[in-house]
Protein chains: 2
Amino acid sequence: MTLGQKIRELREQSGMFQRELASKLEIGDGFLSKVENNQKTLKREHLIKISELFNCSLSELEALWIGTKLYEIIKDEQEALNALKVAEQEIKYRKQYDIL
Amino acid sequence: MTLGQKIRELREQSGMFQRELASKLEIGDGFLSKVENNQKTLKREHLIKISELFNCSLSELEALWIGTKLYEIIKDEQEALNALKVAEQEIKYRKQYDIL
DNA sequence: TTTAGACTTGACTTATTTAGGTCAAATGTA
DNA sequence: TACATTTGACCTAAATAAGTCAAGTCTAAA
């Protein structure tokens with residue numbers, strides 16, 4: 001699940017058109033279309049608005065936002081999965097020793 | 001293990017000083033110092049040179065190079081691990097359906 | 001079959017960030 | 001002291017962010 005998919009899902013579940021949601025987010029509808037198709041990214045502040053509008057978890061949206069960004073970076077990489085492991089181990093390592 | 005750590009390890013194992021390796025990579029030694037401390041990133045082409053110099057796996061270096069970059073993006077994120085999961089699932093999903 | 005509305009796409013823009021450094025001064029250390 | 005390393009300030013070119021807008025496509029219904 002990408003952020004674009006999630007936003008489309010939320011929007012359609014609430015019976016909203018792109019033009020409506022776009023206007024609430026104060027962006028053009030062409031831009032929102034691209035966001036839903038993961039061709040463009042929203043500003044992070046927009047996630048707050050979305051979580052309020054659809055009453056859904058902001059953390060989840062943020063995980064999708066960052067995750068989709070990471071995916072864009074590695075999607076054509078041979079070493080994609082190993083790179084993810086490297087990053088994961090560093091995160092866990094830092095957590096373990098509580099490094100600030 | 002980050003790319004910086006790996007490079008330092010390889011360099012020290014071969015008894016080389018920063019100034020020497022830096023010169024072989026055609027960069028300044030101050031810059032290499034920062035690379036080893038993950039404050040700066042090498043160009044990708046440099047990895048090839050390093051793998052030749054120390055006779056080590058290029059894929060491994062690339063995984064570390066990308067992985068360290070991913071880590072830099074998420075290291076201060078609350079949702080770091082979940083974001084990694086999102087990216088991982090997308091990679092695996094795409095693999096499963098062999099999407100080009 | 002044409003037309004309206006929803007959506008997608010391509011070309012373009014501008015401002016900000018990032019990449020990839022340099023250099024000199026400060027620090028560590030034998 | 002001399003050498004290895006680190007750090008801070010600075011720099012430029014290239015890339016990315018975050019859009020706009022108009023034209024094109026798709027689909028249902030009149």
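Quick note on labels: first sequence line is chain A, next is B, and so on, each numbered from 1.
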Assign a letter to each nucleotide of nucleotides 1-11 of chain D from its 5' end: B, base within under 4.0 Å of a protein heavy atom; S, sugar-phosphate only; -, no contact.
-> ---SBBBBB--
Is R8(B) atom CZ crowded by more than 12 heavy atoms from other residues, nucleotides or ligands, each under 6.0 Å away?
->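 More than 12 heavy atoms, drawn from other residues, nucleotides or ligands, come within 6.0 Å of this atom.
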For residues [X] and [Y], determine if any side-chain heavy atom of one lies less than 4.5 Å from a side-chain heavy atom of the other.
X: M1(B); Y: V86(A); result: no
X: I7(A); Y: L21(A); result: yes
X: K6(B); Y: I50(B); result: no

From T41(B), L42(B), L47(B), residue fulfilling side-chain contact (heavy atoms from CB on, under 4.5 Å) relative to R44(B) | L47(B)
Expressed as a whole number of angstroms, how long is the span from [X]:[atom1] to [N]:[atom2]?
X: L42(A); N: dA17(D); atom1: CG; atom2: P; value: 12 Å
X: H46(B); N: dG20(C); atom1: NE2; atom2: P; value: 9 Å
X: E72(A); N: dA18(D); atom1: CD; atom2: P; value: 14 Å
X: N38(A); N: dA17(D); atom1: CG; atom2: C1'; value: 16 Å
X: K43(B); N: dA14(D); atom1: NZ; atom2: P; value: 11 Å

Answer yes or no: is there an ion pair linking K49(B) with E26(B), defined by an N-O contact shorter than 4.0 Å?
-> no
Please confirm whether the backbone N or O of R11(B) pairs with a side-chain atom of S14(B), one donor and one acceptor, at under 3.5 Å?
-> yes
Taking D29(A) for its side chain and A22(A) for its backbone only, find out whether a donor-acceptor pair lies under 3.5 Å.
->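 No; zero donor-acceptor contacts below 3.5 Å.
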End axis versus end axis in the helix from dT1(C)-dA30(D) to dA30(C)-dT1(D), the angle rounded to 10°, five pairs used at each terminus |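 Inter-axis angle at the termini of the helix from dT1(C)-dA30(D) to dA30(C)-dT1(D): 30°.
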Hey, quick one: are I66(A) and I48(A) part of the same hydrophobic cluster, counting side-chain heavy atoms closer than 4.5 Å, chains of contacts allowed?
-> yes
Please check if any side-chain donor atom of E62(B) sits under 3.5 Å from a side-chain acceptor atom of Q78(A), or the reverse.
-> no
Spatial distance of atom CD (E9(B)) from atom CZ (F54(B)) [nearest 0.5 Å] |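 Interatomic distance, E9(B) CD to F54(B) CZ, rounded to 0.5 Å: 11.0 Å.
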Where do N or O atoms of nucleotides 25-30 of chain C meet protein N or O atoms at under 3.5 Å, pair by pair?
none

